[in-house]
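Keep in mind the model is a prediction, meaning the values are calculated, not measured.
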Amino acid sequence: MPNRNLALFDLDNTLLPFDSDHAWGEFCVRLGWTDGEQYRSANDRFYGQYRAGTLDLDAYLRFSLGPLVGRSPAALMQAHEQFMQQIVLPQIRPQALDLVRKHQQAGDLCCIVTATNDFVTQPIAAAFGVPHLIAVQTERSPQGGYTGAWCGVPSFREGKVTRTAQWLASQGLDWQSFGQTWFYSDSINDQPLLDHVSHPVVVHPDPLLAELAQTRGWPVLELFP
């Protein structure tokens, strides 16, 4: 039996007490990078669809990646640093950091697996001290700018299982390399990956996931009282 374990973490509304993708959209409105109320309304509508498990991912990605197109790397870096300082870092809770540290100190291989894009989430994963991140991969032009498109399989629903398997293979590993596997999530969209691990844990679950967790007898974790 392998003696190493694997711990996977969703990010939004799991390690974070908010949705970083939706919050970044709001931040783009504040920056004046979008058309204000119209963008905010669409951002809210997509987020509601995500929570209900009915999101059209392709439509959402075209929408959410749009504000990155045509921005210089310097402007994007400065905006994201402001986003981290003003929005993200003040909301990272000790309970979430402790959960990650518990698995790291046990020697578990840890990875954040999120449906939010890598531009938004790479600095957030770094703030949690997690070097491994599976996120929607944004496409870059030869000049380094964002095209508004994405690469490969998006890490959403069944795509989280696919991308995790691809990442493990890149490490010379597979699911059988681990004695025990954990995944922490709040969302019904993550049922495929929750079904795939030996220890599914739901964190502040949405109503659909709460109902499923009760049926399956999955543990419910409250990180943010």
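- In this structure, the side chains of L8 and K160 stay at 4.5 Å or more apart for every pair of heavy atoms.
- S72 places a side-chain N or O within 3.5 Å of a backbone atom of A75 that can act as its donor or acceptor partner.
- Judged purely by atom type and a 3.5 angstrom limit, D35 uses its side chain to pair as donor or acceptor with the backbone of Y39.
- The side-chain heavy atoms of P123 and H80, taken from C-beta on, include a pair separated by under 4.5 Å.
- A donor-acceptor pair shorter than 3.5 Å can be found between the side chains of T138 and D118.
- Side-chain contact between I87 and R30 is present, with heavy atoms from C-beta onward closer than 4.5 Å.
- Side chain of N117 to backbone of F119: a donor-acceptor contact under 3.5 angstrom is found.
- Using a 3.5 Å distance cut-off with no hydrogens or angles, the side chains of D190 and S187 do not pair a donor with an acceptor.
- Defined by atom type and a distance below 3.5 Å, a donor-acceptor pair is missing between the side-chain atoms of Y47 and D21.
- Judged by a 6.0 Å distance limit and a 45° cone about the ring axis, R71 is not positioned over the six-membered ring of Y146.
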Would you list the atom pairs, donor with acceptor, under 3.5 Å between side chains in residues 166-173 and any protein atom, with sequence neighbours excluded?
residue: S170; atom: OG; partner: W167; partner atom: O; Å: 2.5

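- Side-chain atoms of T54 and Q49 include no donor-acceptor pair closer than 3.5 Å.
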Enumerate donor-acceptor pairs with a distance under 3.5 Å from any side-chain N or O in residues 209-225 to protein atoms, sequence neighbours excluded.
residue: T215; atom: OG1; partner: E211; partner atom: O; Å: 3.1
residue: R216; atom: NH1; partner: D195; partner atom: OD1; Å: 2.7
residue: E222; atom: OE1; partner: H204; partner atom: ND1; Å: 2.8

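- Interatomic distance, OG of S41 versus CZ of F46, reported as 10.5 Å (0.5 Å rounding).
- Contact check for I112 versus L15: side-chain heavy atoms found under the 4.5 Å cut-off.
- Side chains of L6 and W175 form a contact here, defined as non-hydrogen atoms less than 4.5 Å apart.
- In this structure, the ring of F128 has its center no less than 6.0 angstrom from the ring center of F9.
- Residues Y50 and D206 form no side-chain contact, since every pair of their non-hydrogen atoms from C-beta on lies 4.5 Å or further apart.
- With a 4.5 Å cut-off on side-chain heavy atoms, R40 and D44 count as touching.
- Contact of the Q85 side chain with the Q82 side chain is not registered, since no non-hydrogen atoms from C-beta on lie closer than 4.5 Å.
- Under 4.0 Å is where a charged nitrogen must lie from a carboxylate oxygen, and between D186 and R51 at least one such pair does.
- In this structure, a donor-acceptor pair under 3.5 Å is absent between the side chains of H103 and N5.
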